[in-house]
Each structure stands twice: as structure tokens, then as C-alpha cells.
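These notes are about the structure you will find just below.
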Amino acid sequence: MKAQPHASHFIGGEWVEDTAGRPFDVIFPATGEVIARLHEATPAIIDRALASAKAAQAGWAALRPVERGRVLRRAADLIRDRNADLSVLEVLDTGKPIQETEVADWPSGADALEYFGGLAPTVTGETVPLGTDFAYSLREPLGVCVGIGAWNYPSQIACWKAAPALAMGNAMVFKPSEVTPLGALQLAALLVEAGAPAGLFNVVQGFGDVGAQLVTDSRVAKVSLTGSVPTGRKVYAAAAEGIRHVTMELGGKSPLIVFPDADIDSAVGAAMLGNFYSSGQICSNGTRVFVHHSIKEVFLDRLKARSEAIVMGDPLDPATQMGPLVSAAQAEKVRAYVDKAVAEGARLVTGGAGQGMFVPPTVFADVTDTMTLACEEVFGPVMAVLDFEEEDEVIARANATEFGLAAGVFTADITRAHRVVGRLQAGTCWINAYNLTPVESSFGGVKMSGVGRENGKAAIEHYTQLKSVYVGMGPVDAPF
Ligand code: NAD
């Protein structure tokens, strides 16, 4: 098997196997080949991982922040040195094309480790003058954090959660998606090589029930989930039992609004990026593309021509621009949405069902707000183009969803751009751009799309807690 790791889990600084756990296969989506066979974590493995994290955390938190930062930055350097091999592994795990994984997956993980490594020494409390007395605040780590990942950006998600957590002095037990379990194991080994103490970052494998056991353990102070809204609801509720901190990065059905004065080629390019990159398996995708009626036909013509030129095929071939979906189950789910869109009267402009795990870039026009395609997250390369006439109308329609992850606006009118963005209910917005998520800028959702933020300085607040310290400088004036 091409991608068999040394063992299923990485705990306490070492590879750990426990064949008592339920076995499961890792599939290369492009061929259906089994590339690794792992075992789900048993309760004993889960306990060992949490105990390791707990044991490592206090010593790590006691280090100077600059020392913690140095470890993370070394890990970032190791990732960049090995990006070529890591990117191939990411292709095998996810089916995404190598031309994407080489620039978007591990590299953005390395960015997060470098950014939060650099940020760690700058995080301080404040002094509060109170006459002769004073108070000060300390920003302290939370303790043991649990990270649970989705399958669409498995290594990036592991890094985006590990980097701020570890930078702020926490330890982590991470459970990758059972669909893409390989990348996080590499991160765990790399962190140890970079100087992280054994047990600081542990990886355990398994399905939702392993995640559920982690979330409710009394040693856990915080849970950060990237996943769907239904899972988010369950994990948030389970975490609430223990009053645990949470970050929820959930799904979306984001609007991308193209006004008539927009640069049409840029807007078409953004709509394609926001629907076809990673075969459309991106939470923040602009899957409801609202195009002003006056430019609709020219927009669709250019979109169709460029979509049909996309090179699909073997994701390990550097010329391939789009690979398969992550699994047969996901391909079937996406196909069902394509069929439903046709049945509900949307106009198929290009694409369609595809074959096996491959679904081609697909565009539907004349989509209306109540069609299933405009309401539900498809998580595949299926774009819905909707018409609009007026600014107020399109803002109201863009906001008429339970989700609120992201939104985009294309216009040459700067006043309109800021006015519209100001009224959109979304945690992350783009003006004349789409789906760029640099680590320097915070990312996350409103409404059902989540709570908390990843990336940027905002993430610090989600991996620390404040302690206020009052300092009495004079005799205590008691009335008793
Ligand atoms: P999912 O919700 O099925 O699973 C996510 C993770 O949660 C997996 O590791 C799974 O094993 C685990 N899990 C499932 N049930 C659980 C439970 N009861 N307790 C604890 N853990 C449990 O999501 P998915 O299909 O892997 O990923 C796709 C979804 O993720 C999409 O909805 C997408 O929008 C979302 N996503 C969001 C972001 C973001 O940053 N907002 C990023 C990527 C993906």
C-alpha cells in the first residue's frame, strides 16, 4: 500500500498501533485503490492521547513564548522543505490535483505555524491603574484542546488548529476525518522533529464516535471542529455539558454578487475559483452566484467556455486542474443534487453527472431562491447562477439563508462595494476577489456557519483565557 503510515496514531511523541480498534481503509479517490489500512482508536488509545497531552501541557506553557514560537517556526520550515512529498501524500489522501496541493494545502499550514509562532511572544495582558492599587491581566492557555477535522483540507485544518493552540501554550489531541487521516500524522511527527515535547500534539484516528468521546472527556478544555452544521450542532451541545470553549467552522451557501460594472473576466474567474477549486469541496465557496440581469448572457458565455477548458484527470499529473471528489459517497451526493436541479427546472449550462468519482465543472443558470440547489450545501463542483435587478433586492436574497460563512462582491464602484459588504451577513467577505484566506486575516462564520475565528490575531482569544489580578498596595480597609 502506497501511503501506509508507520502506525494509525501518534501519541506521546511516538507512532502507536492498536489492532484492537476497528480497521478502516484509506482510498485514493482517483483510482479507488486502497492506499493504507488504519485502526480506529479504542477507548484505551483515546485515554492515552489525552493523558499525554495533559502531561505535556504544563511544561510547554511554562516556556517563554519565544521558545514555543521557535518550535512552530522550525516546523513551518520542515514543511516547506518537504512540501513536494507532503503534497503527493495530500493528493493520495484527498484526490485533489497536485498543482493545488503544492501551493494551497501544506503551504498554508506552514504559514499558520510561522504566523502564530511569531505572534506568540507578542501576546500580553494589560495593566489597569486603580489609584494607588492596580490590576493586571494575564492571558493564559486553556489546557488540553481537541481538534476535529473535515476531509476537504485535512493538513491545512490540522495546522490551522494546532498552530494557535500550541503557540498560546495549549496541548492538543487531533482527530482527522476518517476519510483523510494521513496528513495530520505527518504534522505530529514533524512537530516532534522541530522540538515539540512528546505528547504536545497527538493524533488519534476514528469516526464520529471517537470524536464524541474526546469532546466529553473531563480533561478537555476546548473543542475546535471543522465540519458540517449537523455535526457542529452535536459537538457544540456535547461541549456545553462541560462548559467547554468551542470554535465551530461549519458549512456555507455563500453568495457572490456580480454588479453590471464589474470586470467580467475577473468575476468569472472568481466564480470558477469559488466553485471548482478542490472540485468544489470548500466551505466558503460562492455557490450562489448572483449576476445582474444586464450582463447575465455574456457572463454565462465566458463562464461556459472557460469551464469547458478545465483539464480533469489524474490528480498526480501536474497538468490536471481538477481531480475527482473525495469519495464515491460524495460523488453520489453531488450527482443527486445535479439531478434535482434539472428536475426543479434549472438550466444546465455545462457539465453534468460525470463518471465514477469524477464530476465535471457544472453550471446551472436560471436558478431561483427556493430551488434545492440554492438552499443546500452541495460540496461539489456545481455552481448556481441566479439573476438580480436591484442592490437592495440582492442583499436581502443573499442574506436569506441560515448560513453566514462568506460572501463576495464584484463591482468597480468602491462606495457600493463597501456599502454592500457592510450589509452582508457573513464572517468573511471579499471585494473583487474570492476565497483568499491568508493566515493574517481572521476566518470564520456567523449564523449557522459557526462561532469563533481561525487565523489572524482574533484566533488568540479562542485559545486563551484572561486572568485578572488585583494588587492591593495599602492596608486593607475592612468595615468589620
Ligand atoms: P462532518 O461534519 O461529516 O465531519 C467532520 C468531522 O467531525 C469528522 O472528523 C467526523 O468524524 C467528526 N464527527 C462526526 N460526528 C461527530 C460527533 N458526533 N462528535 C464528534 N465528532 C464527530 O464533515 P465532513 O463531511 O468531514 O466535511 C465537510 C463539511 O465541513 C462541510 O459542511 C464543510 O462546509 C465543512 N467545512 C467547514 C470549514 C470551515 O472552516 N468553516 C472548512 C472545511 C469544511
Side-chain angles (χ1 to χ4, degrees), residues 22 24 38 40-41 46 93-94 96 104-105 108 112 146-161 173-184 203-217 220 223-241 244 246-254 274 277-287 325-327 329-331 333-334 376-380 401-406 426-428 435 437 439 442-456 459 462:
R22 175 164 51 136
F24 65 99
L38 304 182
E40 187 168 29
I46 294 169
D93 215 7
T94 62
K96 295 201 271 187
D105 291 78
S108 73
V146 162
I148 301 176
W151 45 254
N152 63 333
Y153 274 87
S155 300
Q156 179 193 81
I157 289 169
C159 291
W160 282 17
K161 296 192 188 307
V173 176
F174 186 81
K175 189 202 83 67
S177 164
E178 60 275 17
V179 182
T180 54
L182 301 177
V203 174
V204 298
Q205 305 292 352
F207 294 72
D209 49 347
V210 170
Q213 287 173 66
L214 287 168
V215 169
T216 47
D217 191 279
V220 173
V223 180
S224 176
L225 168 79
T226 298
S228 61
V229 170
T231 303
R233 217 186 251 122
K234 283 188 226 162
V235 172
Y236 201 171
E241 286 289 315
R244 296 188 177 88
V246 295
T247 298
M248 295 282 142
E249 291 286 355
L250 308 177
K253 191 75 204 177
S254 302
Y277 206 68
S278 290
S279 295
Q281 301 163 120
I282 300 182
C283 52
S284 51
N285 271 354
T287 47
L325 290 165
V326 76
S327 65
Q330 190 62 18
K333 192 182 142 204
V334 172
E376 296 182 14
E377 186 182 44
V378 175
F379 232 56
T401 164
E402 63 173 3
F403 299 112
L405 190 55
T428 309
N435 256 0
T437 52
V439 67
S442 72
F443 179 79
V446 302
K447 293 155 76 180
M448 297 294 273
S449 291
V451 294
R453 290 291 176 271
E454 294 193 311
N455 290 345
H462 301 290

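Index from 1, following the sequence. All ligand and atom numbering here is 1-based and tracks the order in the structure.
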What one should report as the nearest heavy-atom pair of P176 and A184 is CG-CB, 3.9 Å

What atoms of ligand 1 come closer than 4.0 angstrom to any heavy atom of L405? 41 (N)

Does ligand 1 have a heavy atom under 4.0 Å from the side chain of T226, from its backbone, from both, or from neither? both

Considering distance alone, does some N or O of S228 sit under 3.5 Å from an N or O of ligand 1? yes

Is there side-chain contact between V220 and L214, with at least one heavy-atom pair below 4.5 Å? no

Ligand-residue contact atoms, ligand 1 with F443, heavy atoms, under 4.0 Å: 40 (O)

Name all residues meeting the side-chain contact (heavy atoms from CB on, under 4.5 Å) criterion together with E178; count only those two or more places apart in sequence or in a different chain, and write none if there are none. F24, K175, F207

If you have a sec, work out which protein heavy atom is nearest atom 12 (C) of ligand 1 and how many Å separate them, to one decimal? I148 CG2, 3.7 Å

Whether the T401 and K253 side chains hold a donor-acceptor pair (N or O, under 3.5 Å, no angle test) is what I'd like checked. no

Please could you name the atoms of ligand 1 that T231 approaches to less than 4.0 Å, counting only its heavy atoms? 1 (P), 2 (O), 3 (O), 7 (O), 13 (N), 14 (C), 15 (N), 16 (C), 22 (C)

For ligand 1, note which part of Y153 has a heavy atom under 4.0 Å away: side chain, backbone, both or neither. neither

Minimum-distance protein heavy atom relative to atom 32 (O) of ligand 1: E377 OE1, 2.6 Å

Under 4.0 Å from any heavy atom of A212, which atoms of ligand 1 are there? 19 (N), 20 (C)

Is there a side-chain contact between T216 and E241 in this structure, where contact means two heavy atoms from C-beta onward sitting under 4.5 Å apart? no

If the test is side chain to side chain contact (heavy atoms under 4.5 Å, CB included), which one of T226, N435, L405, L250 qualifies with C283? L405

Check whether any side-chain N or O of S327 sits under 3.5 Å from a backbone N or O of Q330 as a donor-acceptor pair, and report yes or no. yes

Which atoms of ligand 1 are found less than 4.0 Å from any heavy atom of W151? 24 (P), 25 (O), 26 (O), 27 (O)

When only distance counts, is E178 in polar contact with ligand 1, meaning an N/O pair under 3.5 Å? yes

In this structure, does ligand 1 have an atom that sits under 4.0 Å from one of the heavy atoms of G149? yes

Determine, using heavy atoms of S177 and all atoms of ligand 1, whether some pair is separated by less than 4.0 Å. yes

Proximity of E454 to ligand 1 by residue part, where a heavy atom lies under 4.0 Å: neither

So, do V451 and V246 sit near enough that their side-chain heavy atoms are less than 4.5 Å apart? yes

Between S284 and F443, is there a side-chain heavy-atom distance shorter than 4.5 Å? yes

Going by the atom numbers of ligand 1, which of them fall below 4.0 Å from some non-hydrogen atom of F207? 11 (O)

Among all protein heavy atoms, pick out the one at the shortest distance from atom 28 (C) of ligand 1; state its residue, atom name and that distance to 0.1 Å. F379 CE2, 3.7 Å

Starting from atom 35 (C) of ligand 1, what is the nearest protein heavy atom, named by residue and atom, and what distance separates them? G227 O, 3.1 Å

Give me the atom names and distance for the closest heavy-atom approach of E402 to K447. O-CB, 3.2 Å

Contact summary for S279 and L325, nearest pair of heavy atoms: O-CD2, 3.5 Å

Considering heavy atoms of the protein only, find what lies nearest to atom 27 (O) of ligand 1 and give residue, atom and distance to 0.1 Å. A150 CB, 3.3 Å

C283 versus ligand 1: do any nitrogen or oxygen atoms come within less than 3.5 Å of each other? no

If we only count heavy atoms from C-beta on, is the I46 to D217 side-chain gap below 4.5 Å? no

Atom indices of ligand 1 within 4.0 angstrom of N152 heavy atoms, with elements: 43 (C), 44 (C)

Please confirm whether L214 approaches ligand 1 to less than 4.0 Å, judged on its heavy atoms. no

For atom 18 (N) of ligand 1, tell me which residue out of K175, K253, K234, Q330 has the closest non-hydrogen atom. K234

Side-chain heavy atoms of D93 within contact of W151, under 4.5 Å: no

Run the numbers for me: atoms of ligand 1, each under 4.0 Å from some heavy atom of G251, listed by number. 32 (O), 34 (O)

Is L250 in polar range of ligand 1, meaning some N or O pair under 3.5 Å apart? yes

Decide yes or no for D209 and E40: does some side-chain heavy atom of the first lie under 4.5 Å from some side-chain heavy atom of the second? yes

May I ask you to test the F379-V326 pair for a side-chain heavy-atom distance under 4.5 Å? no

To the nearest 0.1 Å, how far is atom 17 (C) of ligand 1 from its closest protein heavy atom, and which atom is that? G208 O, 3.6 Å

